[in-house]
Amino acid sequence: MFEQSISTLAKQLKNKDISSVELTQAFLKRIATLDSQLNSYITVSDELALQQAKAADTLLQSGQGTPLTGIPIAHKDLFCTQGTLTTCGSKMLNNFIPPYESTVTSRIQQAGAVMLGKTNMDEFAMGSSNENSFYGAVKNPWNTNTVPGGSSGGSAAAVAAGLAVAATGTDTGGSIRQPASFCGITGLKPTYGRVSRFGMIAYASSLDQGGPMAKSAEDCAHLMQAMAGFDEKDSTSSETPSEDYLANINAPLTGLKIGLPKEYFGDGLDTEVAKTIMDAVKEFEKLGATVKEISLPNLQLSIPSYYVIAPSEASSNLSRFDGVRFGHRCDDPKDLLDMYMRSRAEGFGQEVQKRIMVGTYALSEGYYDAYYLKAQKIRRLIKEDFVNALNEVDVIMGPVAPTTAFELGSKTNDPVAMYLEDIYTLSVNLAGIPAMSIPAGFVNNMPVGLQIMGNYFAEAKLLNVAHQYQQHTDWHLQTPEMAKGA
Amino acid sequence: MNWEVVIGLEIHTQLTTKSKLFSGAAVGFGAEANTQTTLVDLGMPGALPVFNKEALRMAVMFGHAVNAEIGMTSVFARKNYFYPDLPKGYQTSQMDHPIVGKGYLDVTLDDGTTTRVGITRAPLRRRCR
């Protein structure tokens with residue numbers, strides 16, 4: 001049951017083979033039994049979930065509903081959920097119960113899905129391993145001595161272990177794609193502006209984007225149906241009409257032109273991972289695609305560019321956390337400045353403090369031009385590389401990460417090594433194009449993700465490409481051992 | 001020696017829009033506390049600004065009235081600092097590319113002569129007051 005797709009479950013719910021209440025109870029039981037091994041949830045909202053499940057059953061009785069009605073899913077704890085604790089993985093918000101709902105969670109709720117709870121994450125979305133959470137690290141279900149990836153590590157681990165049918169994540173520099181790769185699930189980062197950021201606690205405003213994480217491209221498409229589209233509450237959301245992401249998902253791939261950037265296959269990429277990616281690409285050739293080498297010459301610049309732009313925007317976005325109106329406030333503040341300083345020093349973890357300082361410095365007088373402005377100029381070059389490449393090919397493929405999931409604690413003392421993990425994902429956010437990670441094989445029994453990047457607003461095409469691969473391979477159907485134990 | 005006096009005036013003027021520059025909250029002197037504020041004004045996590053088009057129309061009208069260059073592309077930037085009247089920790093203002101640029105106003109003096117007062121720029125800005 002916990003391995004079933006949304007389509008299958010939707011059929012079972014419609015035919016009354018199972019009720020949403022039964023399905024929800026089954027998942028809540030799995031969470032209670034297995035999550036102590038993973039720590040993927042921060043909040044499990046049992047009562048609310050069962051209420052929503054009952055309402056879903058009523059709707060299904062009368063023959064109404066969408067494919068998502070009654071389906072139990074989890075939300076990354078970065079989305080504001082009205083009346084339910086929303087922490088962003090931080091002590092700063094460990095008491096924050098939003099009186100409002102994010103557009104993403106609201107749309108998914110309106111589509112009838114049931115919320116099992118809020119998933120663990122790197123604090124304020126800053127991290128690539130989910131080791132930066134105030135609520136403790138998340139473990140990878142494939143090997144609990146390793147990281148699930150970050151910052152959407154909780155969502156990835158929960159989906160991989162069958163503790164949610166699907167989940168929402170957010171991706172600023174790879175935070176959906178990298179955990180999807182490490183945990184052997186499917187994740188999609190939509191085009192910047194495709195999904196509303198209202199109520200999605202901001203990390204880097206020009207890079208953040210929310211997206212679906214599930215066991216398959218088809219499941220991700222179901223979530224996109226609900227999530228995508230213009231929102232008047234988010235002025236950066238696009239008025240380009242959203243699509244039916246399932247309509248052409250079965251289209252054949254004959255004639256698909258795939259580009260492989262040579263810079264993605266250089267030093268630093270684990271040889272076994274490289275081989276797995278190339279084997280995956282061969283599968284696409286069998287399906288009628290042609291492959292050519294392309295170049296994204298400014299790839300290396302994406303790391304310094306991102307690690308100036310993102311902390312700069314974050315330093316500004318996180319200024320609102322001052323202990324005044326919500327969130328953590330220090331005890332017995334002496335005066336306003338003392339309250340600001342101690343509340344923030346106590347509320348923010350190390351990585352967050354580091355990035356705020358880097359960002360504040362990069363934006364400060366005398367340095368703004370040399371750092372932030374320069375990084376934005378480099379950003380345009382990176383974007384142009386993609387625009388040029390996508391004139392020659394339909395999609396670009398490559399690895400998501402240089403290795404499979406690394407051991408917990410192995411990179412926490414080397415922040416630069418941690419940042420270098422993001423080399424293949426960052427440029428996508430800088431350019432704003434959409435990209436997916438889909439399971440493509442295993443190296444030493446650990447999952448490897450294939451990255452598929454496309455042109456602006458080409459989510460339907462990416463989902464189609466991924467879906468066809470998943471019709472002809474079964475990597476995405478594999479389940480970690482620990483998930484079978486309940 | 002001839003001295004020339006140069007006097008600069010920075011004038012803050014509130015536009016008579018029904019709601020604020022970036023939020024739908026009402027504006028009005030003397031209202032009850034906490035009734036004219038929204039998620040955006042309070043800097044709540046995840047809140048996003050939505051621009052008031054009427055403010056743009058008024059700014060452009062003003063620009064035409066003072067013979068000014070209208071910035072067809074204008075940019076809002078954040079001025080970051082901590083202050084009690086700044087829930088977000090930044091002010092949203094226009095710096096390099098304001099909506100209204102260089103203009104002038106010809107003023108008639110008491111003795112019947114006119115003098116031209118130059119206007120450097122008239123950006124839109126959001127403060128918390």
Side-chain angles (χ1 to χ4, degrees), chain A residues 78-81 86-88 90 92-93 96 98-105 124 170 196-203 205 208 210 231-237 312-313 315-327 335-337 339-341 344 356 359-360 363-365 368 372-373, chain B residues 17-26 33-57 59 73-99 123-129:
Chain A
L78 189 132
F79 289 99
C80 288
T81 42
T86 298
T87 68
C88 257
S90 181
M92 185 58 91
L93 290 178
F96 180 59
Y100 50 94
E101 189 83 28
S102 74
T103 296
V104 162
T105 53
F124 285 106
T170 66
S196 170
R197 291 184 305 111
F198 177 80
M200 195 177 110
I201 298 176
Y203 159 25
S205 312
D208 293 346
D231 179 15
E232 62 185 14
K233 299 207 279 263
D234 174 6
S235 301
T236 63
S237 73
S312 295
E313 295 183 4
S315 72
S316 179
N317 285 326
L318 267 57
S319 291
R320 65 193 59 202
F321 300 104
D322 54 14
V324 176
R325 300 167 304 297
F326 54 82
D335 54 35
L336 185 65
L337 189 61
M339 181 171 74
Y340 284 165
M341 289 174 67
R344 290 167 66 79
I356 289 173
T360 306
L363 291 174
S364 62
E365 179 136 11
Y368 175 88
Y372 186 72
L373 205 55
Chain B
T17 52
K18 287 206 194 76
S19 57
K20 297 184 179 177
L21 189 58
F22 287 112
S23 94
N34 298 326
T35 56
Q36 294 188 149
T37 188
T38 68
L39 300 178
V40 176
D41 305 312
L42 291 170
M44 297 304 280
L48 294 173
V50 179
F51 187 61
N52 184 333
K53 290 201 185 111
E54 181 61 15
L56 177 72
R57 199 183 68 86
T73 299
S74 74
V75 176
F76 281 94
R78 294 179 181 180
K79 187 169 165 183
N80 294 285
Y81 59 97
F82 287 93
Y83 204 65
D85 73 350
L86 224 47
K88 291 200 271 297
Y90 58 84
Q91 185 195 100
T92 307
S93 222
Q94 296 197 297
M95 202 173 74
D96 292 332
H97 302 281
I99 178 67
L124 280 171
R125 152 185 305 191
R126 188 201 166 277
R127 288 290 297 276
C128 219
R129 295 182 198 144

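Below, all heavy atoms of this structure are taken into account, side chains as well, without hydrogens, waters or symmetry copies. A note on names: the letters A, B, ... follow the listed sequences, proteins ahead of strands, and every chain is numbered from 1.
A:Arg320 contributes a side-chain N or O that, together with a main-chain N or O of B:Met44, makes up a donor-acceptor pair within less than 3.5 Å.
Looking at A:Asp322, only its side chain comes within 4.5 Å of chain B, counting heavy atoms on both sides. In this structure, chain B has no heavy atom under 4.5 Å from any part of A:Phe79. Residue A:Thr236: no heavy atom, backbone or side chain, is found under 4.5 Å from chain B. Contacts between A:Arg325 and chain B at a heavy-atom distance below 4.5 Å involve the side chain alone, from C-beta outward. Heavy atoms of A:Phe198 lying under 4.5 Å from chain B belong to its backbone as well as its side chain. Contact of A:Ile201 with chain B is made through backbone and side chain together, with heavy-atom distances under 4.5 Å.
Under the 4.5 Å side-chain criterion, counting only non-hydrogen atoms from C-beta, A:Phe96 is in contact with B:Pro45. In this structure, B:Val50 and A:Glu232 have side chains that are not in contact, with every pair of non-hydrogen atoms separated by 4.5 Å or more.
Residue with the most contacts toward chain B among A:Gly199, A:Gly327, A:Ser205: A:Gly199 (heavy-atom pairs, distance under 4.5 Å).
A 6.0 Å sphere centred on CG of B:Asn34 holds no more than 12 heavy atoms belonging to other residues, nucleotides or ligands.
The side-chain hydrogen bond (donor to acceptor under 3.5 Å, both in side chains) test with B:Asn80 is passed by exactly one of A:Ser364, A:Ser316, A:Ser319: A:Ser316.
The minimum heavy-atom distance between B:Pro49 and A:Ser235, with the atom names listed, is O-OG, 3.4 Å.
Going from atom CZ of B:Arg78 over to atom OG of A:Ser315 covers 9.0 Å, rounded to the nearest 0.5 Å.
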